[in-house]
Amino acid sequence: MRILKLTEETRKGLQENLLRRSPNSYKEYEERVDGIIGQIREKGDEALFSYTKQFDGAQVDSKNIRATREEIEEAYKLTDPKLVAVMEKSLKNIWSYHEKQKQYSWFDSRPDGVMLGQKVTALARVGVYVPGGKAAYPSSVLMNVIPAKVAGVEKIIMATPCNKEGKVNPATLVAADLAGVDEIYKAGGAQAIAALAFGTKSIPKVDKIVGPGNIYVALAKKAVFGHVSIDSIAGPSEILVLADGTANPRYAAADLLSQAEHDELASAILITDSEAFAEQVSTEIDKFTTELPRKGIIEKSLENYGYILVAENMDEAIGAANEIASEHLEILTADPYGTMMKIKNAGAIFLGEYSSEPLGDYFAGPNHVLPTNGTAKFFSPLGVDDFIKKSSIVSYSREALEPVYKDIVQFATSEQLTAHANSIKVRFETSKH
């Protein structure tokens, strides 16, 4: 794994390289995605069934596109009971964590007859996209669905690709059932996103779409934004390990590889103030890579987006970590809590040598749907807030409005909005001033 001295030039070069992985860099796919969305809007189910046959090789129609209770029961029989038990434990942790994020309506009244407040309402209908393809990710089902359930979303609709036989991955179905998904549809890709965004005869329109997917899914979510809300345009996975010379190089190497194995676009970065530690980690990475089944993917990922940066001191290392704003940030220093206090930008922060990133992926409770590609500077992890909306409440009595109505009239008049001013004045036409 390449080892570089941390300079302004190497940091900028690294960031520019990472940004090339953004879905915004794949404009050559946009025309195709727009075409799929247009067909779904125009032809609905007809186009949806046709694309499912074309891309997934499955023959679906209005009678079998929705997963049945029988299929879900069959999925339980096909899923390892030990995995089901682990998912149930994970679900409890995720639910408990997100329950603390709940917001409630509030109202504040004054003696003069003013009442101001905020009404919190859960979204009515949410669509959750779950990738199929070569791998299944039941953990993503739990992470996307549970905060919506905690928020009080009325109906949760899931779309996920099926295989050529029209079957959905059993673990995905079990996770959806455990989490409380209301309806599950066998549809994938940009066509599923379009169906959720605009509705077809078989799939109802939703208010918001969440969940990860390939480049076509990401670009489709971007294209339908505005017609519906979305969580984010997710990029490839990434990890940044911030470590000093006291850290265990074997742990750091293992943690870097936990993200590099995702795909060839995944990024794994170590920033340290110890050159000797950097060399040790690089050696451990070489050892692990030869033993791991996804060696080919790991090697490609590290070749393109793997870095070990050696800083002059830990303050310089922390500054670089804040600029990179990684999706996952592990802190392996002598004082991880002290280091964490200086971190401003990260999707999720893991403190200490026994808090490795997969703990967050599967079990601890915080959400693993996180901002990528530097967007942790202004975005947050998926949470209950993503599934609610807020309405402002304003109530004035005549007694409360009378002392201030001339101020409002003056403000409106200054903006030449005379109808605004009149809307206030008309209420005091008979008053003597």
Side-chain angles (χ1 to χ4, degrees), residues 6 89-90 92-101 139 142-143 146-147 237-262 266-274 276-278 280-281 284-285 288 306-311 313-385:
L6 177 60
K89 291 179 184 177
S90 178
K92 288 178 182 176
N93 292 340
I94 298 165
W95 189 286
S96 176
Y97 179 86
H98 288 86
E99 192 115 71
K100 294 176 177 64
Q101 296 179 343
S139 60
L142 301 181
M143 292 291 183
I146 291 170
S237 189
E238 54 199 34
I239 186 171
L240 192 155
V241 175
L242 192 60
D244 59 21
T246 68
N248 185 317
R250 189 166 173 82
Y251 294 172
D255 296 351
L256 290 165
L257 295 177
S258 73
Q259 294 307 291
E261 77 167 348
H262 266 293
S267 167
I269 300 168
L270 167 68
I271 306 180
T272 180
D273 61 351
S274 167
F277 180 77
Q280 290 172 326
V281 172
E284 292 293 340
I285 284 173
F288 275 129
Y307 295 86
I308 297 177
L309 302 176
V310 181
N313 51 58
M314 192 48 63
D315 283 340
E316 186 181 68
I318 292 168
N322 279 324
E323 279 300 307
I324 294 168
S326 186
E327 177 188 19
H328 305 101
L329 173 65
E330 283 192 12
I331 300 178
L332 303 177
T333 60
D335 178 16
Y337 295 94
T339 304
M340 181 265 292
M341 296 302 293
K342 299 177 182 178
I343 294 296
K344 297 177 181 178
N345 305 319
I349 303 172
F350 301 82
L351 302 176
E353 62 180 10
Y354 292 102
S355 306
S356 63
E357 187 278 336
L359 181 65
D361 271 352
Y362 295 109
F363 202 76
N367 212 288
H368 78 198
V369 181
L370 303 166
T372 58
N373 272 328
T375 60
K377 289 180 178 178
F378 44 83
F379 282 145
S380 305
L382 189 74
V384 173
D385 280 358

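We number each residue from 1, following the sequence as shown.
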Kindly indicate, with the supporting measurements, whether the criterion side-chain contact (heavy atoms from CB on, under 4.5 Å) is fulfilled by E238 and I269.
-> CA-CA 8 Å; E238 54 199 34; I269 300 168; over 6 Å; no

Intermediate values then yes/no, side-chain contact (heavy atoms from CB on, under 4.5 Å), I239 and E330 | CA-CA 8 Å; I239 186 171; E330 283 192 12; 3.9 Å; yes

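For the side-chain contact (heavy atoms from CB on, under 4.5 Å) test, residues two or more places apart in sequence or in another chain that qualify with Y251 are N248, E353, Y354. With sequence neighbours excluded, no residue forms a side-chain hydrogen bond (donor to acceptor under 3.5 Å, both in side chains) with D335. Checked against side-chain contact (heavy atoms from CB on, under 4.5 Å), P336 has the following partners two or more places apart in sequence or in another chain: I331, T333, L351. With sequence neighbours excluded, the residues forming a side-chain contact (heavy atoms from CB on, under 4.5 Å) with A320 are L6, R11, I271, listed by chain and number. N93 pairs by the side-chain hydrogen bond (donor to acceptor under 3.5 Å, both in side chains) definition with nothing, not counting sequence neighbours. Every residue two or more places apart in sequence or in another chain was checked for a salt bridge (Lys or Arg N to Asp or Glu O under 4.0 Å) with K344, and none qualifies. Every residue two or more places apart in sequence or in another chain that forms a side-chain contact (heavy atoms from CB on, under 4.5 Å) with T246 is listed here: D244, A334. In this structure, the side-chain hydrogen bond (donor to acceptor under 3.5 Å, both in side chains) partners of E99, at least two apart in sequence or on a different chain, are W95. In this view, K342 and D315 satisfy the side-chain hydrogen bond (donor to acceptor under 3.5 Å, both in side chains) rule, not counting sequence neighbours.
Counting only residues at least two apart or in different chains, salt bridge (charged side-chain N to carboxylate O under 4.0 Å, His left out) contacts with residues 354-370 are absent. Within the structure, the salt bridge (charged side-chain N to carboxylate O under 4.0 Å, His left out) test picks out the following pairs touching residues 248-258 (sequence neighbours left out): R250-E284.
Of the options E261, H262, H368, a side chain to side chain contact (heavy atoms under 4.5 Å, CB included) to S237 is made by H262 and by none of the others.
The backbone N or O of V384 sits less than 3.5 Å from a side-chain atom of Q101, completing a donor-acceptor pair.
Distance check: N322 CG to K377 NZ gives 8.5 Å after rounding to the nearest 0.5 Å. Put simply, OG on S326 and CG on L242 are 10.5 Å apart, with the number rounded to the nearest 0.5 Å. To the nearest 0.5 angstrom, N345 atom CG is 11.5 Å from L240 atom CG.
Few gaps surround CZ on F363; more than 12 heavy atoms of other groups in view lie less than 6.0 Å from it.
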